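Letters A, B, ... are given to chains in the order of the sequence lines, protein chains preceding strands, and every chain is numbered from 1. These figures come from a predicted structure and were not determined experimentally.
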Protein chains: 2
Amino acid sequence: MSTSGRGLHGRVLDALGPAITAGEYPPGSVLRTDELAQRFDVSRSVMREAVRVLESMHLVESRRRVGVTVRPKAEWNVYDPQVIRWRLAGADRPQQLRSLTVLRSAIEPVAAGLAAKHATAEQCAELTECALGMVANSKGHRLEGYLLHDIAFHRVILNASGNEMFARLGDVVAEVLTGRTRHEVMFEDPDPAAVTLHVRLAEAIRAGDAGHAEELTREIAEGALQELDILAP
Amino acid sequence: MSTSGRGLHGRVLDALGPAITAGEYPPGSVLRTDELAQRFDVSRSVMREAVRVLESMHLVESRRRVGVTVRPKAEWNVYDPQVIRWRLAGADRPQQLRSLTVLRSAIEPVAAGLAAKHATAEQCAELTECALGMVANSKGHRLEGYLLHDIAFHRVILNASGNEMFARLGDVVAEVLTGRTRHEVMFEDPDPAAVTLHVRLAEAIRAGDAGHAEELTREIAEGALQELDILAP
DNA sequence: ACGCCAAGAAAAAGTCAGACTTATTCATCA
DNA sequence: TGATGAATAAGTCTGACTTTTTCTTGGCGT
């Protein structure tokens with residue numbers, strides 16, 4: 001699933017990226033390309049390419065005669081899927097999960113409202129199918145199947161919104177949902193109320209009722225937020 | 001203002017990035033590193049670094065024995081500030097402006113609601129100051145001063161929301177507002193109703209009234225969306 | 001003795017050129 | 001049809017050189 005398994009520079013990134021985002025090198029830390037190249041046992045060319053990528057993510061800044069300095073967290077490109085993945089895998093996973101869920105609570109209701117207006121017949125069918133899949137997997141510890149349909153459900157809505165910025169959040173939502181199921185405490189079956197809301201949401205979108213779709217999505221988001229408060233108050 | 005004026009690879013990016021995002025090389029196009037290096041008169045090392053950055057933005061994909069292929073627009077990292085800047089400067093500027101405004105309409109109301117709860121006294125003061133600045137520059141074609149205060153106003157709210165993902169949208173909002181003032185038809189003074197809404201919003205946040213702040217921001221966003229519909233229906 | 005500015009030295013990134021490796025695709029032939 | 005091999009373009013490494021920025025040092029005036 002990791003994008004950057006390819007090539008030597010990818011492996012360096014897979015080591016350096018998580019280390020930086022985890023705060024292993026605090027902001028202001030200075031790294032030197034040559035030293036890093038030695039440490040990771042790669043040539044300077046490869047290391048330079050890796051540094052360039054980190055620089056494009058605003059994780060570091062490279063300056064002559066100084067070295068590669070780690071930038072403060074506030075300047076990172078936190079919407080970069082790679083950065084999100086690194087942070088979700090590291091120390092500030094809780095904070096990342098929280099801020100992403102708040103982001104979802106802002107985006108998804110609006111996206112659902114737009115989807116109600118723009119969704120094609122095919123998308124509506126897919127949506128209903130996903131909702132049914134969620135229902136079918138909602139009992140008896142079938143978390144894996146439930147998760148897959150949940151992800152697909154939200155992805156279809158984001159795509160159907162017709163807004164490219166919303167659509168690109170599909171992967172982020174997938175990461176959040178996966179993380180919640182796999183790493184957090186999630187031994188019990190999903191909340192029946194949430195399942196019902198998804199079914200009704202699919203119906204509202206099919207009916208073209210934007211206001212209702214928006215409201216239902218707000219309730220779903222509210223549930224996700226409360227879930228977070230329960231886990232880490 | 002452009003981030004990547006630094007270094008040779010930055011200049012290559014400033015040429016290649018806009019070209020790709022503008023659709024000059026349609027998705028599926030194949031470029032070769034060597035050829036590009038010749039065209040831009042740089043060494044392969046430099047060109048490789050540039051390609052790596054484009055790859056990390058998911059604008060292109062580099063494969064052995066094939067070359068550097070342009071990825072479909074749906075896969076681009078459209079939240080990357082650099083990509084946003086390139087697209088705003090290029091051909092699909094209208095679409096980009098539209099989707100960003102819709103994004104704002106989703107994010108900012110929620111951010112304002114959170115800001116009402118979390119804003120510090122200092123942030124409230126700054127907010128009021130910005131609102132006053134907008135009022136002071138709302139008459140007599142003082143667009144430049146109005147714009148600056150408008151940008152600062154929204155940035156303070158996003159920061160005060162306490163959500164890092166929201167905070168990072170400050171630059172995006174700045175780009176949108178700047179773009180609207182400078183490039184679109186904006187000869188007249190700003191809408192008096194919008195100015196009033198900003199003043200009331202600052203007051204609502206200072207009073208800690210989350211619901212009111214959210215509602216007022218929705219009205220502001222609604223105005224921005226209608227403005228777009230008027231310009232390009 | 002103290003502070004200040006200019007000239008030079010040092011350090012690390014930036015750039016380049018060339019040789020070599022490796023994976024992938026395509027064409028050929030059994 | 002399926003295996004073999006040739007072609008190709010990215011990937012990697014090395015070493016030398018350039019450029020920019022920072023630190024040091026020394027000279028000067030007050």
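- Within a 6.0 Å radius of CD in A:E35, other residues, nucleotides and ligands contribute more than 12 heavy atoms.
- For the residue pair B:S56 and A:S56, a side-chain donor N or O sits within less than 3.5 Å of a side-chain acceptor on the partner.
- With sequence neighbours left out, the ring-ring contact (aromatic ring centres under 6.0 Å, His included) criterion links B:F166 to no other residue.
- Atom CD in B:E49 sits about 13 Å away from atom P in D:dT12, given to the nearest Å.
- With sequence neighbours excluded, the residues that form a side-chain contact (heavy atoms from CB on, under 4.5 Å) with A:N77 are A:H58, A:D80, B:D80, B:P81, B:R168.
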Would you tabulate the pairs of protein nitrogen or oxygen atoms and nucleotide nitrogen or oxygen atoms of nucleotides 6-9 of chain D closer than 3.5 angstrom?
residue	atom	partner	partner atom	Å
D:dA7	N3	B:R65	NH1	3.0

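- Distance, B:L8 CG to D:dT19 P: 11 Å, rounded to whole Å.
- A salt bridge between A:E164 and B:R87 is present, with a side-chain N of the basic residue lying under 4.0 Å from a carboxylate O of the acidic one.
- Taking B:R64 as the reference, nothing meets the side-chain hydrogen bond (donor to acceptor under 3.5 Å, both in side chains) condition, with sequence neighbours excluded.
- Regarding B:R6, its CZ atom lies at a distance of 15 Å from the C1' atom of D:dT19, rounded to whole Å.
- A:S62 comes within 4.0 angstrom of sugar-phosphate atoms only, judged by non-hydrogen atoms across all strands, and of no base.
- Taking only distance into account, the side chain of A:R44 meets the base of D:dG15 through a donor-acceptor pair shorter than 3.5 Å.
- For A:H154 and A:H149, the distance between ring centers is not under 6.0 angstrom.
- A nucleotide of DNA chain C counts as in contact with chain B when one of its atoms lies under 4.0 Å from a heavy atom; the first and last such, 5' to 3', are C:dT15 to C:dT25.
- Taking a cutoff of 4.0 Å between a charged side-chain nitrogen and a carboxylate oxygen, B:E61 and A:R6 qualify as a salt bridge.
- Rounded to an integer number of Å, the gap from A:D41 CG to D:dT12 P is 13 Å.
- B:R48 places its CZ atom 6 Å from the C1' atom of D:dA10, with the value rounded to the nearest Å.
- Atom CE in B:M47 sits about 11 Å away from atom P in D:dA10, given to the nearest Å.
- Checked against side-chain hydrogen bond (donor to acceptor under 3.5 Å, both in side chains), A:R104 has the following partners two or more places apart in sequence or in another chain: A:E108.
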